[in-house]
Protein chains: 2
Amino acid sequence: MAKTRREFERALEAAKSASTGQLLIRAARLFNERAVARGRTLRGLDLRPAHTAVFPHLSLEGTRMTTLAEKMGITKQAVGQIVAELERAEVLCRVPDPSDGRAKLVRFTAAGYRAVLDGMGVLREIENEFGAELGEALMARLKRDLTKLLAAFEGAAS
Amino acid sequence: MAKTRREFERALEAAKSASTGQLLIRAARLFNERAVARGRTLRGLDLRPAHTAVFPHLSLEGTRMTTLAEKMGITKQAVGQIVAELERAEVLCRVPDPSDGRAKLVRFTAAGYRAVLDGMGVLREIENEFGAELGEALMARLKRDLTKLLAAFEGAAS
DNA sequence: TCTATATGGTAAAGTTACTTTACTATATAG
DNA sequence: CTATATAGTAAAGTAACTTTACCATATAGA
């Protein structure tokens, strides 16, 4: 039994350091909580993380729902819900795609345009704060490594 | 208007690369989806990410609910719910803390003990796969950087 | 010693961010 | 010109929490 116990303790220790997944989850939550809390006070629009996740994938000409869903790695129904809320908040609008009668293009409104410009500032601000504390080099490296990790994930299914 | 448009395009481009938060969210989701999918097939226990998040924080002697909540960065009520499910699945058990009549200690059952040893194998397997693809150096560095980021987050509130 | 307050935990309902299942409308290939 | 694929919508369900409210025990101070 003594040997088994030691084995177990080593396993637990391994779990602690091995769980990159848990590290990612916690870091993501903390980062976004801060961004949302900060951004909320900036303008009257209370945008939650799910909303801001859309913006990086929107092109100026407009982007299809299905395209958004693919890029974001969620279902198109989920995109529909998020976009609907942003439409109600008058940040985005949906216009018919002239090249396909079924499709709709999601686009910024003038107000959304201004809000997003502000939002970028908030994000940069938060990243700069961490950069100051941890070093710009670490932040840049983290971003590069995460991008590579995502590319590898996307590359191979299951 | 032309100048504003260019400005906007640059802002969007910046959003794409600047959103470390979004990178973290996506990486976390993908990583854990894979781990859960893999682990589920291993044993009959269908453990979800919320469940496995508890394990790294459990000591062999038993850990208090409040301690778990603090370490995990969630409310003690949330811990209560997760532990209740794991208790029903007979992976964990709650025993009264002899040193404090209010407190309870969360501990592994014999079955949970074995399941977690298996689970460690799955996690290591997945990390090794990415290590093989991206290089062990990148994975180790990512883990170190995330740990530092979390420490910095924890250090300063808001 | 007894009251005030802090701490450990539980209970129930609400919220966020999705997914699943089930459709309708338009497009395209044969 | 039917058969199937694709774009999107609708409604309900689920996971992983939080908020609000509470009870039980502990402990420090009057």
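If you're wondering where the values come from, they're calculated on a predicted model, not measured in any experiment. Each chain gets a letter, A, B and so on, in the order its sequence line appears, and its residues count up from 1.
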Inset, instruction - Would you mind telling me which residue lines up with the more 5' stretch of DNA chain C, A:Gly101 or A:Ile82, judged by nearest nucleotide? - result: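 Upstream on the strand: A:Ile82.
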Inset, instruction - Report the residue (A:Thr75 or A:Ser99) whose heavy-atom-nearest nucleotide on DNA chain C is the more 5′ of the two. - result: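 Closer to the 5' end of DNA chain C: A:Thr75.
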Starting from [atom2] on [N], measure out to [atom1] on [X] and report it in whole angstrom.
X	N	atom1	atom2	answer
A:Met72	C:dC18	CE	C1'	11 Å
A:Ile25	D:dA16	CD1	C1'	10 Å
A:Arg26	D:dA16	CZ	P	17 Å
B:Lys76	C:dA6	NZ	C1'	10 Å
A:Glu85	C:dT16	CD	C1'	9 Å
A:Glu70	D:dT6	CD	C1'	11 Å
A:Leu86	C:dC18	CG	P	12 Å
B:Ile74	C:dG9	CD1	P	13 Å

Legend entry - Salt-bridge contact A:Lys76-A:Glu70 (side-chain N to carboxylate O under 4.0 Å):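 Judged by the 4.0 Å cut-off on N to carboxylate O distance, A:Lys76 and A:Glu70 do not form a salt bridge.
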Inset, instruction - Please determine if A:Asp97 and A:Lys104 form a salt bridge, counting it only when a charged side-chain N lies under 4.0 Å from a carboxylate O. - result: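 Judged by the 4.0 Å cut-off on N to carboxylate O distance, A:Asp97 and A:Lys104 do not form a salt bridge.
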Closest approach to the side chain of [X], judged atom by atom: which nucleotide of [options] is it?
X	options	answer
B:Gln77	D:dA7, C:dT16, D:dT20	D:dT20
A:Ala103	D:dA7, D:dA16, C:dG8	D:dA7
B:Met65	D:dT9, C:dT10, D:dC17	C:dT10
B:Arg64	D:dA7, C:dA17, C:dG8	C:dG8
A:Lys104	D:dT9, C:dG8, C:dA17	D:dT9

Inset, instruction - Considering just the side-chain nitrogens and oxygens of A:Arg102, establish if one lies under 4.0 Å of OP1 or OP2 belonging to C:dT24. - result: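 For A:Arg102, the contact criterion (side-chain N or O under 4.0 Å from OP1 or OP2 of C:dT24) is not met.
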Inset, instruction - Output yes when at least one side-chain N/O atom of B:Arg29 is less than 4.0 Å from OP1 or OP2 of C:dA17, else no. - result: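 False: B:Arg29 side-chain N/O out of range (4.0 Å or more) of C:dA17 OP1/OP2.
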Inset, instruction - Kindly say whether A:Leu68 contributes a backbone atom to a donor-acceptor pair with the side chain of A:Thr63 at under 3.5 angstrom? - result: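 Looks like no, no N/O pair under 3.5 Å.
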Inset, instruction - Would you indicate what B:Ala78 reaches in the nucleic acid, counting non-hydrogen atoms under 4.0 angstrom: base, sugar-phosphate, or nothing? - result: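 Result for B:Ala78 = base.
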Inset, instruction - Give one of base, sugar-phosphate or nothing for B:Asp100, where a contact means two heavy atoms less than 4.0 Å apart. - result: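 Touches sugar-phosphate only.
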Inset, instruction - Test for a donor-acceptor pair under 3.5 Å between the base of D:dT18 and the side chain of B:Gln81, counting only N and O atoms. - result: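 Yes.
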Legend entry - Parallel, tilted or perpendicular: rings of B:Phe108 and B:Phe55 (30°, 60°):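 Ring orientation of B:Phe55 relative to B:Phe108: tilted.
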Inset, instruction - Dump the intermediate steps for salt bridge (Lys or Arg N to Asp or Glu O under 4.0 Å) on A:Arg48 and A:Glu85, then the final yes or no. - result: CA-CA 11 Å; A:Arg48 283 167 286 115; A:Glu85 288 182 51; 2.6 Å; yes
